[in-house]
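First up is the structure itself, then whatever we jot down about it.
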Amino acid sequence: MCRSIKTLREPYTSDVTDEDVRAAALQYVRKISGFRAPSARNAEVFDRAVETVAAATQALLDELHLNRPAARQPGA
């Protein structure tokens, strides 16, 4: 959909910051709204959408259950 949104979960990336999450949310809202920068009349709803999407994104990342390979045991 939007090629500039990066995967924010391990193992694709690590140490995801709030800024990374907000940047992805901003790109998503820009894409679906069709506005790079909203007019003053739409700024509040645009910003609220970005914050809502960022919160949902962070909740998703926090709650994902990932299958990780078992750590190798020394001498195994």
Side-chain angles (χ1 to χ4, degrees):
M1 177 177 138
C2 189
R3 293 184 183 119
S4 61
I5 296 176
K6 296 181 175 100
T7 302
L8 296 180
R9 73 166 179 85
E10 293 182 4
Y12 301 99
T13 190
S14 60
D15 300 322
V16 175
T17 65
D18 290 341
E19 184 177 310
D20 295 328
V21 171
R22 189 175 191 296
L26 177 60
Q27 287 299 318
Y28 176 78
V29 172
R30 283 177 173 168
K31 181 69 171 185
I32 63 169
S33 70
F35 294 118
R36 174 148 175 36
S39 65
R41 184 172 150 185
N42 291 316
E44 184 179 335
V45 71
F46 187 92
D47 291 342
R48 192 168 53 241
V50 171
E51 295 310 315
T52 300
V53 171
T57 300
Q58 189 62 62
L60 172 66
L61 293 173
D62 291 346
E63 296 174 24
L64 282 175
H65 296 281
L66 304 175
N67 291 330
R68 293 190 179 132
R72 292 186 54 163
Q73 299 296 321

- Given side-chain contact (heavy atoms from CB on, under 4.5 Å), test F46 with R30 step by step and report yes or no. CA-CA 9 Å; F46 187 92; R30 283 177 173 168; 3.8 Å; yes
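Separating the CD atom in Q27 from the NZ atom in K6 is a distance of 9.0 Å, to the nearest 0.5 Å.
Not a single side chain to side chain donor-acceptor pair (under 3.5 Å) links D15 to another residue, sequence neighbours left out. Residues satisfying the side chain to side chain contact (heavy atoms under 4.5 Å, CB included) test with A24, not counting sequence neighbours, are I5, L8. Remark: R22 engages L26, V50, E51 in a side chain to side chain contact (heavy atoms under 4.5 Å, CB included) (not counting sequence neighbours).
For D18, the CG atom counts as loosely surrounded, since its 6.0 Å shell holds 12 or fewer non-hydrogen atoms of other residues, nucleotides or ligands.
Remark: side-chain polar atoms of T7 are not paired, donor with acceptor, to backbone N or O of R9 under 3.5 angstrom. Proximity of a side-chain donor or acceptor of D20 to a complementary backbone N or O of T17 within less than 3.5 Å is detected.
V53 and I32 fall within a single hydrophobic cluster, where Ile, Leu, Val, Met, Phe, Trp and Tyr are joined by side-chain heavy atoms under 4.5 Å apart, directly or via other members. Taking hydrophobic clusters as Ile, Leu, Val, Met, Phe, Trp and Tyr residues chained together by side-chain heavy-atom distances below 4.5 Å, L66 shares a cluster with L60. By the rule that hydrophobic residues join a cluster once side-chain heavy atoms approach within less than 4.5 Å of another member, F35 and Y28 end up as members of one cluster.
Using a 4.5 Å heavy-atom threshold, the side chains of V16 and V21 count as touching.
For the pair A25 and A54, the tightest heavy-atom approach, listed with the atom from each and the gap, is CB-N, 3.5 Å. Nearest heavy atom pair, residue P38 against residue A43, reads CG-CA, 3.9 Å.
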